[in-house]
Structures are given as C-alpha cells and as structure tokens.
*Asks:* 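Let me begin by handing over the structure; questions about it come next.
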Amino acid sequence: MSEPPNAVARTAEAARQANRRQDLVRAIRSAREMLPGDENFGDHLSTAGDRPSEVIARFLAERQRDDDDDGRAGITATSEAALAALQVWQALSQRVGRGAGMVEATILFTDLVGFSSWVLKAGDELALELLRAVAGVVEPAI
C-alpha cells in the first residue's frame, strides 16, 4: 500500500529540515573529535590527494560549500556523518600503511670539505679508500 503523494512530500520535507538542523550538525561534528583520525578531514589540505577517501571527502566538502536551492549553506547532518565515516576510513588506511607514503626513508648528506680538489690530486683508489673509511664511521651511527 503506497502513501498519498502529499504524505511522501511532507515526509521528505521533514527529513530535509532535520538534515539541516544545526544542532544535529554540531552534535555530529563534536562526535568527530572523538573518532580516530583528523576531525577536520574534508578541508582543502586533507583532501588534496587522489586516494578514494580523499576524492570522496573532497566531493562532499565541495557540496557543503555550494548553496542549495534556497541559497543556504550546504552543511548537513548527512554530509557531516559521511565525512566522519571517511575520517575513520582514512585513519584506518594510514594505520595499515596506506596513505603514509610508499616507504619511510631518511636521506643523509655528508660534505667532505675540499674533496673534489683533493681527489684530482690523490686519484681514484685513494678516493675510494677515504669514502669507505667515512662510510665505516658514519653508517654504524646511522
């Protein structure tokens, strides 16, 4: 049995109004602070990448910034809840090694003052001997 069209329209309008209730939006926003991950997930910095969670969050955030038909801001309870879910997804992805880069690496540069002019005089064999000695001192400390 189907509802009369005006009952469906009234229900849809009530849902739209509830979705825009700022107290509900604030409550969901507050809950995001207790969830794992960045509670500001959805801003320009956190959605700049191309990972699925970032792409979806960027789309939601852009929709929030757009005005609706009535010219009101697009921040809704459902979009905040969706961002909360994406925030947790992003945090969990990073914990299992996704989103944190491919490999953690540290780069160390050393400068042997006068090396270039010295090696021209000393030759390749002495240069390799010196570089191996430097590596023997530096690498264990690293």
Side-chain angles (χ1 to χ4, degrees), residues 1-120 122 124-142:
M1 185 183 267
S2 64
E3 294 184 49
N6 56 356
V8 173
R10 283 194 310 270
T11 303
E13 181 56 28
R16 273 192 294 277
Q17 288 178 6
N19 196 30
R20 295 216 173 267
R21 284 185 40 198
Q22 289 306 297
D23 60 334
L24 185 56
V25 172
R26 282 191 300 274
I28 296 170
R29 187 85 176 107
S30 294
R32 286 182 66 188
E33 294 175 7
M34 295 182 278
L35 295 173
D38 177 10
E39 69 264 12
N40 293 312
F41 188 71
D43 65 4
H44 292 295
L45 292 175
S46 64
T47 62
D50 59 356
R51 291 179 189 89
S53 60
E54 295 164 341
V55 172
I56 296 168
R58 185 169 52 245
F59 172 77
L60 284 170
E62 287 168 0
R63 299 262 318 180
Q64 281 188 340
R65 287 187 285 275
D66 292 342
D67 290 343
D68 65 10
D69 296 337
D70 299 332
R72 295 178 295 184
I75 297 175
T76 62
T78 53
S79 60
E80 272 302 318
L83 284 171
L86 290 167
Q87 168 186 329
V88 172
W89 177 15
Q90 180 71 3
L92 293 175
S93 293
Q94 288 177 342
R95 284 198 180 124
V96 296
R98 297 183 186 145
M102 299 298 285
V103 175
E104 188 173 312
T106 301
I107 299 173
L108 173 68
F109 292 94
T110 57
D111 182 23
L112 301 176
V113 177
F115 178 80
S116 297
S117 57
W118 174 80
V119 83
L120 290 174
D124 291 343
E125 287 197 30
L126 285 176
L128 286 174
E129 189 178 316
L130 176 63
L131 291 174
R132 286 187 180 111
V134 168
V137 172
V138 173
E139 288 177 12
I142 295 169

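Atom set for the values below is all heavy atoms of this structure, side chains included, hydrogens, waters and symmetry mates excluded.
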*Asks:* Under the 3.5 angstrom rule, does the side chain of R26 hit a backbone N or O of R21 as a donor-acceptor pair?
*Replies:* no
*Asks:* Do the side chain of Q87 and the main chain of R32 share a donor and acceptor less than 3.5 angstrom apart?
*Replies:* yes
*Asks:* For a quick test of reading the model, state the closest non-hydrogen atom pair linking P140 to A135 and the distance between them.
*Replies:* CD-O, 3.7 Å
*Asks:* For P52 and W89, which heavy atoms make the closest approach, and how far apart are they?
*Replies:* CB-CH2, 3.6 Å
*Asks:* Do R10 and N6 have side chains that get closer than 4.5 Å, going by heavy atoms?
*Replies:* yes
*Asks:* Do you know which two heavy atoms are closest between V55 and G49, and how far apart they sit?
*Replies:* CG2-O, 4.2 Å
*Asks:* A quick test of your reading: do over 12 heavy atoms of other residues, nucleotides or ligands sit less than 6.0 Å from CG of D23?
*Replies:* yes
*Asks:* How many angstroms lie between CG in D38 and CD in E33, if you round to the nearest 0.5 Å?
*Replies:* 11.0 Å
*Asks:* Shortest non-hydrogen contact from L35 to A84?
*Replies:* CD1-CB, 3.7 Å
*Asks:* So which heavy atom on T47 is nearest to which on A57, and how close?
*Replies:* CG2-CB, 3.6 Å
*Asks:* Is a side-chain N or O of E139 found less than 3.5 angstrom from the main chain of V137, in a donor-acceptor match?
*Replies:* no
*Asks:* Mind checking the CZ-CG spacing from F115 to L131? Nearest 0.5 Å is all I need.
*Replies:* 4.0 Å
*Asks:* If you round to the nearest 0.5 Å, how far is CE of M34 from CD of E39?
*Replies:* 11.0 Å
*Asks:* Is there a side-chain contact between F59 and I56, using heavy atoms and a 4.5 Å cut-off?
*Replies:* no
*Asks:* Identify the heavy atoms of L112 and V134 that sit nearest to each other, and give their distance.
*Replies:* CD2-CG2, 4.1 Å
*Asks:* Strictly below 4.0 Å, N to O, side chains only: are R16 and E13 in salt-bridge contact?
*Replies:* yes
*Asks:* With side chains defined as the heavy atoms from C-beta onward, is the minimum distance between L83 and I28 less than 4.5 Å?
*Replies:* no
